[in-house]
**Student:** 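Please read through the structure below; I'll follow up with questions.
The first residue in the sequence is number 1, and the count goes up from there. For clarity, every value in this text was computed on a predicted model and none was experimentally measured. Counting starts at 1 for both ligands and their atoms, in listed order.
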Amino acid sequence: FCNRKGKTPRRPPPKKPSNNQKDPVGVYCRVRPLGAEDVECCIEVISNTTIQLHAPDGLKANRNGEFKETQYSFKKVFGIKTTQGELFEDVAKPLVEDIIHCKNGLLFTYGVTGSGKTYTMTGSPGQGGLLPRSLDMIFNSIGPYQAKRYVFKPDDKNGMEVQNQVDALLDRQKRDSQTTVPKTPTTRRIDPEFADMISPVEACKADGVDEDSSYSVFVSYIEIYNNYIYDLLEETPIDPIKPKPPQSKILREDQNHNMYVAGCTEVEVKSTEEAFEVFWRGQKKRRIANTQLNRESSRSHSVFIIKLAQAPLDADGDNVLQDKNQVNVSQLCLVDLAGSERTSRTRAEGSRLREAGNINQSLMTLRTCIEVLRENQMCGTNKMVPYRDSKVTHLFKNYFDGEGKVRMVVCVNPKADDYEETLLVMRFAEMTQEVEVARPIDRPICGFAAGRRQRNQERGGPVDGESPTVLNQLLQSFPPLPPCEISGPNDDVTLPRLIEALEKRHKIRHMMIEEYNKTGKIITLFRASVLQEQDSNLLSKENFIQEQRGKLGEKEKMIQNQKNEIDRLEKKSRMLEYKIDILQKTTNIYEEDKRSLQQELESREHRLQREMSEKRRMETRMQGIVTDSKLKWEKECERRVNAKQLEMQNKLWVKDEKLKQLKAIVTEGKTENRQPQRPSREKDKVPAKRSASPSPVPSSLSSLEPIYNFSQTVRPDPHFLRPGSVSVASCISEWEQGVPQSCRQGSQSPPVSRKRAQGLPDSLSRRRGRCWAREVPVQPAEVDLEETSHWTGPPVRPLHRRSHSAGGERWVDHKPTTNVDLDTVLQPNIPNAITVNAPNEKALSKCDKYVLTHQEVASDGEIQTKLIKGEVFKTRGGGQAVQFTDIETLKQENPVAASRKRRSSETGPDGEPMEGDWTDVETRCSVALEMRAGSNLGPGYQHHGYPKRRKP
Ligand code: ADP
Ligand code: MG
């Protein structure tokens, strides 16, 4: 019976595939209908993915309406009208398809006790749940391709072995003789207890089932209670009198690090009915144990494991390949978790309470594991997931850290009492959705050609081992065994008879094996011929393939040519593109150049314009300066001519006088009383006047005339009584005009004129800014007309000077309001000064010095400030008079023009230096004051910042 083909291709064991694709845990929500006794509903299905929780009225009242209405979203929400079929279609069907395609799946129901977990998983009569439906779908899909019983044999280490045909046959015989189950599973004898939970009407089938594989389904059913694992399918004699407590099982890890319950019963099932019957058996056992041990069923987790073993058929397609490495085992775990409520629904006391705590603990661990997984995945952390903390999580560890599809049906009872527990369930469910599990990958198929089973069936060969008729005949050909019961201690017949019969059987068996070997040889020969035929077939096919290959080669050559052509064109186009690029770049550069040149042109034009305007400005300025200096020198010349004239006249007059005196001496006797009328004062001064040189260069300061005092010398001449400012220039012009006039008027006039004329060049020659300009409108009332008009005697100096106290002088600081603040460094700083906008008698009476800050525009357009200083005198009439003694000129100047200025002031009109060497500081601090036409001061009056000299 050994049908070992021997030369089967050995493949390396499938390596654990590295898989990057992940899927989130699929979380579904099922809302059960409200029970008859419940009235208030706290759950509303908003859409097919969202539910909303409404806090029950009682709770709201308790918590002052603090409760929020919360919404939760899931992969899908199933309302109260959802049928078991619909739920299966969406939730479990993909998992069944996966198990058939060698992928693992985990499906669990989670929720409060009474929320419909068991209803969803197992169902109720007439309403089969996910479990019977899954089984049904599996058998519908693999039914015709199932292997004979015991061909696959669990190795008790989570793996699966393939037994040879004979061993499998013997195992089957043993089973048949032991149990009461019908020999052939085809006859359906369904337990009426659960019959209507399996509905073949809704049968569905997976697509893409590999026909060239053989399948076997194994189921196990365990219960985890109080963190102990119990095998619900274990065959232990139940002693109704003294029940033995069930033995718990332990978890182990196989060589692939997959967890399994060691020593757990795995029942091979061949149909939905058989499988469900096994399940039902376990269910009954569970119920009995619960009642016997007084346990609460809602506190235990039940795990139903469906294992599907599949292995490829051998090359002939008649037997399962005898290679353990080719066996694929996939499993689907259907878990009905314990109620998630925090405390037991029934009153728990003592050990029951502790158990409840443990149940709670396992769900807590589940929650923690999910939390840690989620955190690791979301934050990239690598925290240890505490799978080992409870049996439930430890058992399913592989699903989360390995690969597989995980789905959870969250069951909710919308009744108000469950609200708070439901809230927690929802939170856990939402979090679970964020955990991702590696997607199982497709397993590689074996190296044989497809359609082996089909071909084998066409040949009429046996599938999966012996043909039943032949085998049955063989079994029947064995001589029947004699009765084996030993009647008594003296029975020495039974055993020898049995030995004899067995020996006979043994002989027959040997014979049969020999015969089989013979026929095997014939078969081998036959097969060889068939193989030859197939070989020739193969050869012709190979030839054909060769031919086609040749054609393919030609086509490939053509394609290559075309590709080359495309390459060439592409290269050309790239070249052209490159050229275009270069041209574009050149254009850009030229344009850039153009732009920059244009900019430069523009800037140069601007500069030119600026320079032109500058030039024009300079021209006008130079013209102004030229006219100014022309005027100045004209006046200077005039002045000198006049001085010379005056001198000459003086000389003439002296000569005349001498002549007259001579004449008088000569004619003394006759003309004793006729002397020239000349004031004695003038007479005294004649020699002094003579020594006064009209030269522009100052000769000596000792030759200074006493200052011209306006208030003293004012005469009733209307020229001199003009109110307002009196300038030196006007004095000169007046003098010029006045000489002949006064000469005509009387004898007193000429000396006055002369004296003034003499005084002026004197002052001019000194170039001391000692000007008598009265720019301050000194009130004419101060000038005592009457007194001066009565004045007849020789000139006196009736200056009532204030005595200078030890504290120094007091100043009237006259600053007209019209002045502009120039922010200059040099500012008059006069301590104790009375500052006024307009001079008044009161201020003047208190002070002995007066200063006027006067601003005007100089010839070069700059503002210059003059500090016109004077002394205050008391007039005889009790008024005040100001005698101007000094002018300080402050001027701001453009540094560019400074050199020009300096040059002009350094040299006199005749090119000689006018003053001594100046220091730079002096230059900067004192700026020549050039008199302009219309100025109040005569030409040549310049203040150069010499130390101020005070007149006694
Ligand atoms: P759990 O297993 O969560 O404790 P069960 O599945 O035992 O809850 O359900 C409690 C009761 O509610 C059962 O009688 C069950 O028939 C009923 N039930 C639960 N879900 C539904 C549903 N979707 N439709 C009809 N009845 C349901
Ligand atoms: Mg239940």
**Student:** Identify the protein heavy atom lying closest to atom 2 (O) of ligand 1, giving its residue, its atom name and the separation to 0.1 Å.
**Tutor:** T118 OG1, 2.6 Å
**Student:** Between E235 and R281, is there a salt bridge with N-O shorter than 4.0 Å?
**Tutor:** yes
**Student:** Which of these passes side-chain contact (heavy atoms from CB on, under 4.5 Å) with S330: N104, I100, I306?
**Tutor:** N104
**Student:** Write out the residue and atom name of the closest protein heavy atom to atom 24 (N) of ligand 1, then the distance separating them to 0.1 Å.
**Tutor:** P33 CD, 3.4 Å
**Student:** Does NZ or CZ of R32 lie under 6.0 Å from the centre of the six-membered ring of Y119, at an angle within 45° of the ring axis?
**Tutor:** no
**Student:** Relative to the heavy atoms of V112, which atoms of ligand 1 are at a distance of less than 4.0 Å?
**Tutor:** 3 (O)
**Student:** Under 3.5 Å, is there a donor-acceptor pair linking the side chains of Y28 and R407?
**Tutor:** yes
**Student:** N/O/S atom of T113 under 2.8 Å from the Mg ion (ligand 2), yes or no?
**Tutor:**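 Here the distance criterion (N, O or S atom, under 2.8 Å) is not met by T113, so no.
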**Student:** With distance as the sole criterion, is a donor-acceptor pair present between the side chains of K391 and N226 under 3.5 Å?
**Tutor:**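 Absent: no donor and acceptor within the cut-off.
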**Student:** Name the residue from V27, I46, V425, L423 that meets the side-chain contact (heavy atoms from CB on, under 4.5 Å) definition with Y72.
**Tutor:**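 Of the listed options, the one satisfying the test is L423.
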**Student:** Is there a polar contact between ligand 1 and K117, counting only N or O atoms under 3.5 Å apart?
**Tutor:** yes
**Student:** Check whether the side chains of Q52 and E44 place a donor and an acceptor atom closer than 3.5 Å, and report yes or no.
**Tutor:** no
**Student:** Mark up the atoms of ligand 1 that fall under 4.0 Å of a heavy atom belonging to T113, in ascending order.
**Tutor:**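 Reading through ligand 1 atom by atom, the close ones are 4 (O).
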**Student:** Any idea which protein heavy atom is nearest atom 23 (N) of ligand 1, and the distance to it?
**Tutor:** Y119 CE2, 3.4 Å
**Student:** Check the side chains of E268 and S216 for a donor-acceptor pair under 3.5 angstrom, ignoring hydrogens and angles.
**Tutor:**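 On atom types as modelled, these side chains qualify, holding a pair under 3.5 Å.
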**Student:** Would you check the N or O atoms of G114, main chain and side chain alike, for any that come under 3.5 Å of an N or O of ligand 1?
**Tutor:**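 Yes - when backbone and side-chain N and O of G114 are compared with those of ligand 1, one distance drops under 3.5 Å.
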**Student:** Looking at atom 5 (P) of ligand 1, tell me if a protein heavy atom falls under 4.0 Å from it.
**Tutor:**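 Yes, because at least one protein heavy atom sits under 4.0 Å from atom 5 (P) of ligand 1.
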**Student:** For atom 12 (O) of ligand 1, which protein heavy atom lies nearest, and how many Å away is it?
**Tutor:**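 Atom 12 (O) of ligand 1 sits closest to the protein heavy atom R32 NH1, 2.8 Å.
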**Student:** Does even one non-hydrogen atom of G111 get within less than 4.0 Å of ligand 1?
**Tutor:** no
**Student:** In the protein, which heavy atom is nearest to atom 8 (O) of ligand 1, and how far is it?
**Tutor:**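 Checking every protein heavy atom, the shortest distance to atom 8 (O) of ligand 1 gives G116 N, 3.1 Å.
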**Student:** Report the part of S115 (side chain from C-beta onward, or backbone N, CA, C, O) that has a heavy atom under 4.0 Å from ligand 1; answer both or neither where that applies.
**Tutor:** both
**Student:** Cation-pi check, R287 to W280: give yes when NZ or CZ is under 6.0 Å from the six-membered ring centre and within 45° of the ring axis, no otherwise.
**Tutor:**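 Satisfied, under 6.0 Å and within 45°.
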